[in-house]
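What follows is a single structure, written as structure tokens, with notes after it.
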Amino acid sequence: MRNQRYKVSIVGASGYTGSELARILINHPEVEIVSITSESHKGKRFSDLHGQFSGIIDFELIGADEVNIEEVDVVFLALPHGVSMEFVKRWIDDGVKIIDLSGDFRLSSPEVYEDWYKKDHTFPKGFEQAVYGMPELYSDEISTATLVANPGCYPTASILSLAPLFGSGLGSVSGAVIDAKSGLTGAGVKASNTTHFSNVNDNFKAYGIGNHRHTVEIQEQLSFLMKNSVILQFTPHLLPVDRGILATSYLSLDKEMDQESLTSLYKDFYKNKPFVRVRNQAPSIKEVRGSNYADIYPFWDKRTKRAIVIAAIDNLVKGAAGQAVHNMNIMLGLNESIGLLQVPMQP
Ligand SMILES: NC(=O)C1=CN([C@@H]2O[C@H](COP(=O)(O)OP(=O)(O)OC[C@H]3O[C@@H](n4cnc5c(N)ncnc54)[C@H](OP(=O)(O)O)[C@@H]3O)[C@@H](O)[C@H]2O)C=CC1
Ligand SMILES: CC(=O)N[C@@H](CCC(=O)OP(=O)(O)O)C(=O)O
């Protein structure tokens, strides 16, 4: 153990992923939170904003401009798309490791970003340094990265669901369909008509049909694994729960398969990956709630000769803050699981 803890800063902590980062990092034995920022609440105490931190994190929120970046080892950007890139531009050469939770640097190029996010990218140079922060796939690259682009929540569940099938040289894998459902915290802290109680409570609906920005993030990562261009369908749905994602994916394989070989394929692919649990039954979102686990159940449907893969994650943990801390552990050369082994909250 080092004598001194690593110093970390959370930028954008009035939001959901920011407070989730604080919840995980405050109990991490190797780090110390030195600053938490908020533009709209600076001057207030963090625990006044998020009462669950009362007596635990009571220090004052500062503006992002006041962060003393020279004293910080790792900065987490828990900011909206389009805002994060400005902070990456400002701090990328300051010797700090940056973990960006937004989608600003997850894609292969600024052109793809502009096409899917429908906004200009003001720091295209950042793509040269950004590493896609999925530890199960890119641990080596993450260990030396200065800028990690933390994956989106739906892409985390979807890519982990399908990576063994696209990344094991099985030959033709076709007709992939991902049907995913997310709890409301996926939409961020700001209230909107979509997130209004009476529009969500007792309700269930699809959105982003055919054009959600996570489609391209999933396609790109599966294409890299397959070493071939992958086109798939992804449809998100809004669930009337606060946290959790359940993704059910369907696809066809040319290769002969049965349940035992499919299960072995997944177990081999995720051998020594501490946060992916290959299950022998369909997981539920409560079985991963509050934890960094991704639970995956691969099922071979011999009648249709298609694979059905069901994955459950907590969007705020494995889908955001937990994965970000996992990336931090790898970037700092720590044990990858440290601070992240919370048992899920069921019920
Ligand atoms: N929620 C989820 O499940 C997931 C979210 N993500 C991504 O993580 C990022 C954060 O998400 P989430 O916590 O849900 O978002 P929220 O909307 O809950 O919070 C965003 C934060 O950014 C701050 N902020 C907003 N505008 C600015 C600005 N112009 N300058 C500085 N700070 C600003 C906000 O307020 P303020 O500074 O005023 O206090 C707030 O603290 C987003 O990019 C999101 O897409 C990724 C995976 C999952
Ligand atoms: C329920 C809900 O609204 N979810 C968000 C995704 C949240 C997330 O992980 O995505 P990004 O970091 O890419 O924004 C959405 O569909 O836009």
Side-chain angles (χ1 to χ4, degrees), residues 10-23 35-44 46 48-50 61-67 75-88 90 99-107 113 116-119 122 132-134 148-159 180-195 199-200 204-209 211-218 234-247 285 313-324 327:
I10 304 170
V11 174
S14 71
Y16 287 139
T17 61
S19 71
E20 199 66 6
L21 278 165
R23 185 175 75 86
S35 47
I36 305 186
T37 81
S38 168
E39 301 317 298
S40 46
H41 299 278
K42 60 181 146 189
K44 289 185 193 162
F46 185 59
D48 289 338
L49 204 58
H50 300 290
L61 294 163
I62 58 171
D65 282 345
E66 300 165 68
V67 173
V75 63
F76 293 90
L77 304 178
L79 299 169
H81 319 302
V83 178
S84 263
M85 59 178 85
E86 295 301 328
F87 286 94
V88 171
R90 189 189 300 180
I99 301 175
D100 177 19
L101 277 76
S102 87
D104 282 353
F105 296 95
R106 291 181 199 150
L107 300 176
Y113 177 92
W116 283 81
Y117 281 70
K118 307 289 176 223
K119 60 172 71 164
T122 57
Y132 191 70
M134 186 165 280
V148 162
N150 214 57
C153 49
Y154 285 121
T156 299
S158 308
I159 296 164
K181 300 98 189 161
S182 171
L184 214 55
T185 51
V189 75
K190 208 165 162 206
S192 71
N193 196 37
T194 316
T195 61
N199 288 332
V200 176
F204 185 54
K205 67 179 284 195
Y207 65 100
I209 302 154
N211 62 13
H212 193 283
R213 63 191 184 285
H214 285 168
T215 311
V216 69
E217 188 179 331
I218 300 164
F234 163 73
T235 310
H237 301 71
L238 198 56
L239 270 181
V241 299
D242 56 7
R243 54 167 90 202
I245 286 182
L246 192 89
I285 52 174
I313 63 166
D314 184 322
N315 56 296
L316 292 179
V317 188
K318 183 63 174 166
Q323 186 155 228
N327 282 317

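Numbering starts at 1 and runs along the sequence shown. Counting starts at 1 for both ligands and their atoms, following the listed order.
- For the atom pair NZ of K44 and OG of S38, the computed distance is 7.5 Å after rounding to the nearest 0.5 Å.
- Looking at Y154 next to ligand 2, no N or O pair under 3.5 Å apart turns up.
- Checked against a 3.5 angstrom limit, the closest N/O atoms of Y207 and ligand 2 fall inside it.
- Looking at residues two or more places apart in sequence or on another chain, you find a side-chain contact (heavy atoms from CB on, under 4.5 Å) between T122 and M85, E86, K89.
- In T185, the part holding a heavy atom less than 4.0 Å from any atom of ligand 1 is the backbone.
- Contacts between A187 and ligand 2 below 4.0 angstrom, taking non-hydrogen atoms only, involve backbone and side chain alike.
- Close approach to H81 involves these atoms of ligand 2, each under 4.0 Å from a residue heavy atom: 11 (P), 12 (O), 13 (O), 14 (O).
- Nearest residue to atom 12 (O) of ligand 2 from K181, H214, R106, R213 is R106 (criterion: closest heavy atom).
- Of all the listed residues (G188, S192, G183, G186), G186 holds the heavy atom that lies closest to atom 4 (N) of ligand 2.
- Considering backbone and side-chain atoms alike, V189 places an N or O below 3.5 Å from some N or O of ligand 1.
- Legend: residues meeting ring-ring contact (aromatic ring centres under 6.0 Å, His included) with H50, ordered by chain and number and at least two apart, are F46.
- Ring geometry, Y207 versus Y154: the interplanar angle falls from 30° to 60°, so the pair is classed tilted.
- Residue-level proximity to ligand 1 for L79 is carried by backbone and side chain together, each with a heavy atom below 4.0 angstrom.
- The H212 neighbourhood of ligand 2 comprises atoms 15 (C), 16 (O), 17 (O), with distances under 4.0 Å to a heavy atom of that residue.
- Not one N or O of T37 is nearer than 3.5 Å to an N or O of ligand 1, by distance alone.
- Residue contacts with ligand 2 for N315 are absent, since no atom lies close enough (heavy atoms, distance under 4.0 Å).
- Remark: ligand 2 atoms within the under-4.0 Å shell around heavy atoms of S182 are 1 (C).
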